[in-house]
*Asks:* 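What follows is a structure written as structure tokens; I'll ask about it next.
We name chains A, B, ... by the order of the sequence lines, and we start the count at 1 in each one. The basis for the numbers below is simple: all heavy atoms, side chains too, and nothing from hydrogens, waters or symmetry mates. In this text, all values refer to a predicted model and were calculated from it rather than measured experimentally.
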Protein chains: 2
Amino acid sequence: MPKEVVIVNNNKLIKLLKQNGLSITDSRRKILQLFLEQDGALAHGDIEKKAGEKFDRVTVYRTLQIFVDKGIIHTIPTADNSIRYALCKDECGEGHHHDHHIHFVCDNCNTTYCLDDVVTPEIKLPKGYSAGHVEVVVEGVCKNCQ
Amino acid sequence: MPKEVVIVNNNKLIKLLKQNGLSITDSRRKILQLFLEQDGALAHGDIEKKAGEKFDRVTVYRTLQIFVDKGIIHTIPTADNSIRYALCKDECGEGHHHDHHIHFVCDNCNTTYCLDDVVTPEIKLPKGYSAGHVEVVVEGVCKNCQ
DNA sequence: TATAAAAAAGCAACAATGTTGCAAAAGATA
DNA sequence: TATCTTTTGCAACATTGTTGCTTTTTTATA
Ligand SMILES: [Mn+2]
Ligand SMILES: [Mn+2]
Ligand SMILES: [Zn+2]
Ligand SMILES: [Zn+2]
């Protein structure tokens with residue numbers, strides 16, 4: 001390990017990667033750590049900034065992609081076109097996401113939160129439409145910015 | 001008017017532009033027409049393809065931007081990073097959007113609809129969070145694809 | 001309708017973001 | 001440790017978005 005990437009929580013990281021059949025590499029540990037030590041979600045740009053000194057841009061793209069595929073992280077819809085990612089809970093796995101919580105974006109600090117305890121509401125659709133997944137994003141002021 | 005841009009619904013278009021204090025130009029008429037003759041929403045890419053032969057890419061960006069600013073169209077959040085736009089209803093105006101409907105994306109045909117009659121639900125947030133605007137995007141199968 | 005002022009469009013150049021193929025390096029396995 | 005497999009970095013490229021400036025179009029007014 002020639003590069004000096006400081007990894008905390010190493011055991012947890014390795015366990016999570018192994019569970020998902022991923023080999024343990026510096027970039028995966030580093031990027032996964034960013035999510036673990038973070039309250040809210042991360043925009044692609046943030047991740048690239050924080051991990052980008054050590055790792056190639058392409059590696060960041062590929063790492064995020066594989067994390068989404070494996071059900072380790074999920075994307076969060078936004079109205080500007082920036083992709084945001086956050087850790088999934090245990091129910092998600094390879095090829096199937098089951099994230100049924102809502103998301104909250106703070107007007108003030110711009111943090112995006114997964115509100116894991118707020119379940120997405122039932123939506124009554126017009127005749128002819130059948131619902132699959134429902135995404136809810138609430139914009140407002142967060143607990144730290146009141 | 002040397003360019004042969006065919007505009008239907010010209011009166012409606014002109015009225016809408018004038019109402020919003022915009023001068024009447026070919027590109028604005030053409031792009032606005034795309035929205036009027038369309039059931040669903042339009043991705044930026046679609047608009048650029050459909051209007052891009054006649055108009056510069058930059059003009060498309062600037063036109064969409066000013067339409068959003070004036071409350072003529074609104075953006076729709078997506079998880080992939082593509083921006084989608086749809087016409088606003090009458091309540092929207094310069095500097096204030098009041099789009100309280102939900103959006104529906106068809107898995108099959110990939111059309112995005114504004115479901116104007118489905119009102120966004122009340123969301124009960126955890127202590128400390130205060131809600132502003134709520135965005136709901138439902139993914140499923142649309143009326144034409146059942 | 002002709003003219004002047006204001007606004008918008010087009011163009012070019014650039015920045016940022018995302019993708020692909022391939023050789024080198026690192027990781028897993030025995 | 002040796003071998004095989006996977007991942008990384010790099011380079012090159014494509015796509016998307018932005019900015020300043022000149023020309024053209026639109027609007028307002030005589
Ligand atoms: Mn989430
Ligand atoms: Mn809408
Ligand atoms: Zn906040
Ligand atoms: Zn459909």
*Asks:* Establish, with yes or no, whether the OP1 or OP2 oxygen of D/dT6 is under 4.0 angstrom from a side-chain nitrogen or oxygen of A/Ser23.
*Replies:* no
*Asks:* Give the rounded distance in Å between these two atoms: NE2 of A/His44 and C1' of C/dA16.
*Replies:* 11 Å
*Asks:* Mind calculating the distance between CD1 (A/Ile24) and C1' (D/dT6) to the nearest angstrom?
*Replies:* 13 Å
*Asks:* To the nearest angstrom, how far is A/Asp56 atom CG from D/dA12 atom C1'?
*Replies:* 13 Å
*Asks:* To the nearest Å, how far apart are A/Asp69 CG and D/dT7 P?
*Replies:* 12 Å
*Asks:* Grab the CD-P distance between B/Glu48 and D/dT18 for me, whole Å please.
*Replies:* 12 Å
*Asks:* How far apart are the C-alpha atoms of A/His74 and A/His101, what are their side-chain angles, what is the distance that settles it, and do they pass the ring-ring contact (aromatic ring centres under 6.0 Å, His included) test?
*Replies:* CA-CA 11 Å; A/His74 60 275; A/His101 56 273; 5.1 Å; yes
*Asks:* Want to settle it: does A/Ile66 or B/Ile83 sit nearer the 5' end of DNA chain D, counting the closest nucleotide to each?
*Replies:* A/Ile66
*Asks:* Of all the heavy-atom pairs spanning B/Cys106 and B/Val141, show the shortest one and how long it is.
*Replies:* SG-CA, 4.1 Å
*Asks:* Salt bridge (Lys or Arg N to Asp or Glu O under 4.0 Å) between B/Lys89 and B/Asp116: does it pass, once the steps are laid out?
*Replies:* CA-CA 9 Å; B/Lys89 305 301 154 188; B/Asp116 298 309; 3.3 Å; yes
*Asks:* Residues of residues 58-65 of chain A with any non-hydrogen atom less than 4.0 angstrom from an atom of DNA chain D: list those, numerically ordered, please.
*Replies:* A/Val58, A/Thr59, A/Arg62
*Asks:* Taking atom CG of B/Asp80 as the centre, report whether more than 12 heavy atoms of other residues, nucleotides or ligands fall under 6.0 Å from it.
*Replies:* yes
*Asks:* Nearest-Å distance, CD1 (A/Ile47) to P (C/dG18)?
*Replies:* 11 Å
*Asks:* Below 4.0 angstrom from OP1 or OP2 of D/dT16, is there any side-chain N or O of A/Asn81?
*Replies:* no
*Asks:* Nearest whole Å is fine: how far is C/dA28 C1' from A/Leu22 CG?
*Replies:* 13 Å
*Asks:* Taking A/Ala43's backbone N and O only, do any of them form a donor-acceptor pair with A/Asp46's side chain (distance below 3.5 Å, no angle check)?
*Replies:* yes
*Asks:* Can you check whether A/Thr25 has a side-chain N or O nearer than 4.0 Å to OP1 or OP2 of D/dT8?
*Replies:* yes
*Asks:* Between the base of D/dG9 and the side chain of A/Arg57, is one N or O donor paired with an acceptor at under 3.5 angstrom?
*Replies:* no
*Asks:* Are the side chain of A/His97 and the backbone of A/Lys70 linked by a donor-acceptor contact shorter than 3.5 Å?
*Replies:* no
*Asks:* Would you kindly give the NZ-to-P distance between B/Lys70 and C/dA7, to the nearest whole Å?
*Replies:* 11 Å
*Asks:* Are any side-chain N or O atoms of B/Thr59 and backbone N or O atoms of B/Phe55, one a donor and one an acceptor, separated by less than 3.5 Å?
*Replies:* no
